[in-house]
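Some notes on the structure that comes next.
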Amino acid sequence: MTQDVKINRGLKGVYFERSAVSDIDGAKGELTYRGYSIHDLATQSTFEEVCYLLINGELPDSAQLADFDGKLKQGRHLPPAIRDIIAACKDGHPMDVLRTAVSALAAMDPESQKVSEKAFVENGIRLVSQVPMIIAAHEAIRNGRDPVAPDMDLSHAANWLWMLKGEKPSEDAARLADVDFILHAEHGSNASSFAARVTIGTETNLHGGIVTALSTLAGPAHGGAAEDVMKMVHEIGKPENAAEYVKAKRAAREAVTGFGHRVYRKEDPRARHMRDGVKRLGEEMGAPEWYEILQAVVEAMKPYSRHGLNVNVDFYSGVIYQLHGIPMDLYVPIFAIGRMPGWIIQCLEQQRGNILIRPLTLYNGPEPRAYTPIKDR
């Protein structure tokens, strides 16, 4: 079968649906959530506010935010059986454990099987709270410790650091984690969000869509950049080695991790907020050298910015996690904590105007031919 058909591999440049959630202008390097600049949200909002905004379409007033925050805090619990499941697969990669636990939650919670819009929202809010609990519980269990109970007086981001490390974070550290989640909360039809929409298109429940999103995020081409940046920083070792490292990479026609983006031609607008945070946290933790190495790489990469090789948000995220002493295999699960509200609203949008997502492939195999019985082959 031959047709004069244009193939858009990876669906690049193809619009498959309308969305009222995030707007990305790659040429200008701009990003908005529901019409609000990412810069305003990162500097003036909290993750809880951004969750509300993404799911409900408008920023909350004080009463609405208090109610929403209360629901998030009510969701800070895991069935005992989930801890047993985490313990049973504690030696697995954290993303595999997280995906397994979320799938198990669907089997244990009768509410998860409801597919009304109201149920999607309620299940989504609960999952926003449960995902960081699963990650923190796994980190404790695999290291022979009891999971830390949530602190209902702490914000979402501060409570996450408390459950992970067992110590109350400083105000600056908690705020930086909060900003990190805001910056990762939503980003259009990325691979994991699109995969979730494909799943919801089959009229399954929200947990099914989130499991699909987690499976997709686990791939290194999507969620692994922060971990790769940290490996690069360790390889470079000192700021004065950065220029030679970049030169060698470019000579070998190899990518420098943390530069370039499928969408942005200018600097990723989220990166500046992580950059400032790395500098402050590094000074607070007595380890300014990580920031200095990153900036040396940025300086060495300046000649290539005209080719669209600019810093992306993940360039700085990994160092923030490193400064907290967080293992590298938790970097992608942390990405998932922030992306939860984005996945939820993408699933909701798909459900509201649902159509089964079923693209075509252009056949280029053998022409029709006669069948040969096995005795004659």
Side-chain angles (χ1 to χ4, degrees), residues 29 93-95 173 176-177 179-181 183-184 187 190-192 216-339:
H93 191 283
M95 280 301 288
L176 184 54
V179 171
D180 183 41
F181 293 158
L183 297 175
H184 283 93
H187 211 238
N190 55 82
S192 55
T216 307
L217 183 69
H222 184 14
E227 183 175 345
D228 290 340
V229 169
M230 205 58 238
K231 291 176 181 176
M232 176 185 72
V233 169
H234 280 294
E235 186 177 346
I236 292 172
K238 298 179 181 179
E240 53 266 31
N241 298 337
E244 192 60 35
Y245 175 89
V246 169
K247 182 179 178 182
K249 282 285 187 181
R250 298 301 299 171
R253 297 184 179 277
E254 296 177 359
V256 177
T257 303
F259 287 81
H261 195 280
R262 179 73 174 263
V263 175
Y264 296 112
R265 295 299 296 168
K266 290 190 175 180
E267 181 180 281
D268 185 331
R270 302 168 294 176
R272 73 172 71 166
H273 302 286
M274 289 287 93
R275 178 171 57 238
D276 296 341
V278 169
K279 188 175 188 298
R280 291 195 307 273
L281 188 62
E283 291 169 352
E284 177 186 328
M285 299 291 192
E289 63 274 11
W290 301 116
Y291 174 78
E292 292 167 2
I293 292 172
L294 290 178
Q295 290 308 101
V297 175
V298 170
E299 187 65 29
M301 284 294 292
K302 278 185 177 178
Y304 308 103
S305 63
R306 65 181 182 275
H307 302 300
L309 295 178
N310 295 290
V311 171
N312 60 46
V313 67
D314 297 309
F315 183 72
Y316 294 102
S317 296
V319 173
I320 291 173
Y321 309 149
Q322 175 81 17
L323 287 166
H324 279 295
I326 297 173
M328 285 190 191
D329 62 2
L330 289 186
Y331 292 5
V332 181
I334 294 172
F335 189 150
I337 295 174
R339 184 53 57 87

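Reckoned from all heavy atoms, side chains included, excluding hydrogens, waters and symmetry mates.
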Legend entry - Non-hydrogen atoms of S317 and A226 that approach each other most closely: CB-CB, 4.2 Å
Inset, instruction - State plainly whether the residues K231 and E235 are in salt-bridge range, i.e. N to O under 4.0 Å. - result: no
Please tabulate, for the side chains in residues 275-297, all donor-acceptor contacts under 3.5 angstrom to protein atoms that are two or more places apart in sequence or on a different chain.
| unit_1 | atom_1 | unit_2 | atom_2 | d |
| --- | --- | --- | --- | --- |
| K279 | NZ | E283 | OE2 | 3.0 |
| E284 | OE2 | S170 | OG | 2.9 |
| Q295 | OE1 | Y316 | OH | 2.8 |

Legend entry - Gap separating the CD1 atom of I334 from the CZ atom of R339, nearest 0.5 angstrom: 14.5 Å
Which pairs of donor and acceptor atoms, one on a side chain in residues 244-259, lie under 3.5 Å apart (sequence neighbours left out)?
| unit_1 | atom_1 | unit_2 | atom_2 | d |
| --- | --- | --- | --- | --- |
| K249 | NZ | E254 | OE1 | 3.1 |

Legend entry - Donor + acceptor pair across side chains of D314, Y331 (<3.5 Å): no
Legend entry - From CG (D329) to NE2 (H93), nearest 0.5 Å: 5.0 Å
Inset, instruction - Could you tell me whether a side-chain N or O of N312 sits under 3.5 Å from a main-chain N or O of D268, the two making a donor and an acceptor? - result: no
Can I get a per-line list of side-chain donor-acceptor pairs under 3.5 Å for residues 216-224, giving both atom names and the distance, sequence neighbours left out?
| unit_1 | atom_1 | unit_2 | atom_2 | d |
| --- | --- | --- | --- | --- |
| T216 | OG1 | T212 | O | 2.9 |
| H222 | NE2 | S192 | N | 3.3 |
| H222 | NE2 | S192 | OG | 2.9 |

Legend entry - Result of checking V179, D180, V313 against H273 for side-chain contact (heavy atoms from CB on, under 4.5 Å): V179
Inset, instruction - Please tell me if the side chains of M95 and F335 come closer than 4.5 Å, counting only heavy atoms from C-beta onward. - result: no
Legend entry - For P333 against P94, the heavy-atom pair lying closest together: CG-CB, 3.8 Å
Inset, instruction - Supply the atom-to-atom distance M328 CE to M230 CE, rounded to the nearest 0.5 angstrom. - result: 5.5 Å
Inset, instruction - Report yes if the side chains of K302 and E299 come closer than 4.5 Å at any heavy-atom pair, otherwise no. - result: yes
